[in-house]
Amino acid sequence: MKLSIIIPVYNEEKTIHSIIQTVKSVEIKIGDQLIEKEIIVVDDCSKDRTREILKNDIEPIVDKVLYHEVNQGKGGAIHTGLNYFNGDLV
């Protein structure tokens with residue numbers, strides 16, 4: 001079983017590293033079964049250095065990073081992520 005985790009981000013240059021590190025470090029179990037995670041980050045047209053950090057540091061360590069060219073809000077970012085998940089649960 002795989003859990004897809006969608007992380008919408010906007011102007012998170014100061015927190016994106018810790019957010020991803022925390023999500024990656026948490027073990028999720030159902031009974032004794034360790035659940036595989038798929039991490040999808042959706043940048044909602046950040047105006048700070050978030051995109052640069054995502055491209056250089058985060059893309060290599062998560063499953064997908066998607067980029068909006070126009071800000072669509074949190075719901076729009078989640079909707080984008082829903083188009084790309086491969087897990088059994090989101």
Side-chain angles (χ1 to χ4, degrees):
M1 181 175 293
K2 184 191 303 186
L3 172 66
S4 296
I5 301 167
I6 300 171
I7 304 173
V9 298
Y10 179 75
N11 292 345
E12 298 291 342
E13 70 179 335
K14 294 179 182 174
T15 59
I16 191 62
H17 283 104
S18 63
I19 291 167
I20 298 302
Q21 183 177 31
T22 299
V23 171
K24 288 182 71 72
S25 69
V26 172
E27 288 189 352
I28 301 168
K29 291 184 176 182
I30 296 179
D32 291 334
Q33 180 184 7
L34 186 60
I35 303 302
E36 178 184 356
K37 293 180 285 191
E38 171 188 47
I39 300 173
I40 302 169
V41 179
V42 182
D43 178 71
D44 196 26
C45 197
S46 291
K47 303 298 183 198
D48 63 359
R49 291 184 53 246
T50 300
R51 283 186 172 223
E52 175 186 339
I53 294 166
L54 290 172
K55 286 184 185 294
N56 295 329
D57 301 343
I58 305 303
E59 281 185 13
I61 63 170
V62 299
D63 298 285
K64 292 181 184 79
V65 179
L66 307 166
Y67 300 93
H68 283 173
E69 295 304 319
V70 175
N71 185 282
Q72 298 177 32
K74 182 178 179 179
I78 291 170
H79 182 73
T80 295
L82 288 172
N83 290 319
Y84 291 91
F85 79 93
N86 291 311
D88 303 298
L89 303 166
V90 181

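Everything quoted here is computed from the prediction, not taken from an experiment.
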Please report the interatomic distance [atom1]([X]) to [atom2]([Y]), rounded to the nearest 0.5 Å.
X     : Y     : atom1 : atom2 : result
Leu89 : Ile35 : CG    : CD1   : 7.5 Å
Asp43 : Glu69 : CG    : CD    : 9.0 Å
Thr15 : Gln21 : OG1   : CD    : 12.5 Å
Asp48 : Ile53 : CG    : CD1   : 7.0 Å

Subject >> Atom NZ of Lys74: over 12 foreign heavy atoms under 6.0 Å >> reply: no

Looking at every non-hydrogen atom in both residues, tell me the closest pair between [X] and [Y] and how far apart they are.
X     : Y     : result
Glu38 : Tyr84 : OE2-O, 4.2 Å
Asn11 : Ser46 : N-OG, 2.8 Å
Cys45 : Val70 : CB-C, 3.8 Å
Ile78 : Pro8  : CG1-CG, 4.0 Å

Are [X] and [Y] joined in one hydrophobic group, where the rule is that I, L, V, M, F, W and Y side chains link up if heavy atoms are under 4.5 Å apart?
X     : Y     : result
Ile28 : Val62 : yes
Leu82 : Leu66 : yes
Phe85 : Ile61 : no
Val9  : Val65 : yes

Without swapping roles, check the side chain of [X] against the backbone of [Y] for a donor-acceptor pair under 3.5 Å.
X     : Y     : answer
Lys37 : Val26 : yes
Thr50 : Glu12 : yes
Asp63 : Ile39 : yes

Check whether any side-chain heavy atom of [X] sits under 4.5 Å from a side-chain heavy atom of [Y], and report yes or no.
X     : Y     : answer
Ile7  : Ile20 : yes
Ile58 : His17 : yes
Asn86 : Lys64 : yes
Gln72 : Asp44 : yes

**OP:** Could you give me the CA-CA distance, side-chain angles and deciding distance for Leu54 and Tyr67, then say whether side chain to side chain contact (heavy atoms under 4.5 Å, CB included) is met?
**Re:** CA-CA 10 Å; Leu54 290 172; Tyr67 300 93; 3.6 Å; yes

